[in-house]
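Below is one structure, written out as structure tokens; comments come after it.
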Amino acid sequence: MSSRLVGVGVGPGDPELVTVKGVNALRAADVVVVPVMDTGERGRAEATVLHYVPQGKVVRVVFALNERSDRARREAAWDAAGGRVAELLARHGSVAFATIGDPNVYSTFTYLAQTIAELVPGVVVETVPGITAMQDLAARSGAVLTEGTEPLTLVPVTAGSAVLKEALAGPGTVVAYKFGRQAAEVAEALAENGRLQDAVWGSALGLPEESVRPAAELDGTPLPYLSTLIAPPRRDGGRGGKL
């Protein structure tokens with residue numbers, strides 16, 4: 001039988017936001033891989049997984065999650081992680097990989113799956129969707145992501161502030177991921193485009209250190225790296241005005 005690698009989205013950090021299908025996938029797998037940085041601390045994915053499976057079933061695999069500048073080092077880490085997971089697949093029929101958010105949205109699982117497809121011929125790769133940070137922030141803040149015909153633009157600010165500014169100049173809601181280190185530039189871009197007043201940001205959603213605040217309070221102080229921003233468009237048409 002073919003080995004099976006399942007990417008499981010475990011949400012933004014609140015263990016109650018893992019779907020029933022996600023929990024079942026984690027429990028059905030022979031082992032559950034969680035990504036960790038080379039510094040070794042427990043990440044959100046691992047902390048969430050341990051609410052549902054025993055520690056003995058969890059395998060920690062190092063990824064260069066904090067490497068942004070050295071591409072060679074980052075890819076070497078991906079290759080090493082892929083080799084480790086390939087070894088696990090050789091010994092076990094089913095391996096789950098837990099990732100925060102959704103495995104198909106800016107996830108480490110994407111790179112792992114590409115590597116495994118090359119290393120393990122015939123492997124079956126599947127994904128289980130997870131709740132994203134923008135959905136969780138919308139729920140916790142009361143922000144409406146989209147109405148009627150509005151588009152929704154998701155931007156990783158690691159791509160540069162110019163990408164965010166271009167999105168904010170367009171229509172619909174703009175969501176920015178990983179903007180914490182560029183909080184000052186983000187606040188400036190929001191103000192320039194008249195989006196500051198209705199925007200909200202959040203970090204550590206569902207965790208004890210959770211923070212959900214109006215973007216108007218941004219003062220340039222760097223925020224946690226995994227901060228999320230929602231900047232809705234101006235909605236002046238009343239109920240159903242965007243239909």
Side-chain angles (χ1 to χ4, degrees), residues 6-26 34-35 43-49 51-52 65 96-110 126-159 163-164 167-168 170-180 183 186 190 195-215 217-218 223-235 239-240 242-243:
V6 184
V8 182
V10 296
D14 183 346
E16 292 186 345
L17 290 181
V18 185
T19 67
V20 173
K21 186 170 184 176
V23 172
N24 288 341
L26 293 172
V34 294
R44 293 189 193 179
E46 181 178 6
T48 303
V49 164
H51 280 80
Y52 297 105
L65 300 173
F97 180 90
T99 178
I100 59 171
D102 182 277
N104 293 304
V105 180
Y106 299 130
S107 170
T108 305
F109 180 74
T110 303
E126 301 173 354
T127 58
V128 177
I131 301 295
T132 61
M134 64 178 168
Q135 292 170 287
D136 195 10
L137 177 57
R140 293 177 189 277
S141 67
V144 176
L145 284 169
T146 55
E147 288 185 3
T149 57
E150 292 174 352
L152 175 65
T153 304
L154 176 59
V155 176
V157 180
T158 48
V163 178
L164 174 63
L168 289 170
T173 296
V174 175
V175 174
Y177 275 2
K178 305 175 183 179
F179 83 92
V186 168
L190 288 168
R195 299 254 195 158
L196 187 60
Q197 196 59 42
D198 296 326
V200 296
W201 71 272
S203 65
L205 301 174
L207 303 177
E209 63 271 28
E210 174 185 295
S211 181
V212 176
R213 310 289 296 176
E217 296 181 8
L218 290 172
L223 304 174
Y225 173 68
L226 290 177
S227 295
T228 298
L229 173 85
I230 297 176
R234 187 175 297 278
R235 295 173 176 135
R239 186 175 63 180
K242 298 286 185 170
L243 292 175

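We number each residue from 1, following the sequence as shown. The structure presented is a predicted model; accordingly, all values stated were derived computationally and were not measured.
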* To do: Verify side chain to side chain contact (heavy atoms under 4.5 Å, CB included) between Tyr225 and Thr158, making sure each step is shown before the conclusion.
  => CA-CA 10 Å; Tyr225 173 68; Thr158 48; 3.6 Å; yes
Are [X] and [Y] close enough that some pair of their side-chain heavy atoms sits under 4.5 Å apart?
X	Y	answer
Val144	Pro232	no
Lys178	Val157	no
Thr228	Asp136	no
Arg44	Leu226	yes
Leu26	Val10	yes
Met134	Leu152	yes
Leu205	Asp14	no

* To do: Evaluate whether atom CD of Gln197 has more than 12 neighbouring non-hydrogen atoms of other residues, nucleotides or ligands under 6.0 angstrom away.
  => no
* Can you establish whether the number of heavy atoms outside Glu209 located under 6.0 Å from its atom CD is more than 12? => yes
* Who passes ring-ring contact (aromatic ring centres under 6.0 Å, His included) against Phe109, sequence neighbours left out? -> Phe97
* Taking only residues two or more places apart in sequence or in another chain, which ones pass side-chain contact (heavy atoms from CB on, under 4.5 Å) with Leu223? -> Phe179, Ala183, Trp201, Leu218, Ser227
* To do: Check the pair Leu154, Val105 against side chain to side chain contact (heavy atoms under 4.5 Å, CB included), reporting the backbone distance first and the verdict last.
  => CA-CA 10 Å; Leu154 176 59; Val105 180; 3.9 Å; yes
* Asked: CG of Leu137 to CD1 of Ile230: how many Å apart, nearest 0.5 Å?
  -> 4.0 Å
* To do: Kindly compute the distance separating CG (Leu229) from CG (Leu168), expressed to the nearest 0.5 Å.
  => 7.5 Å
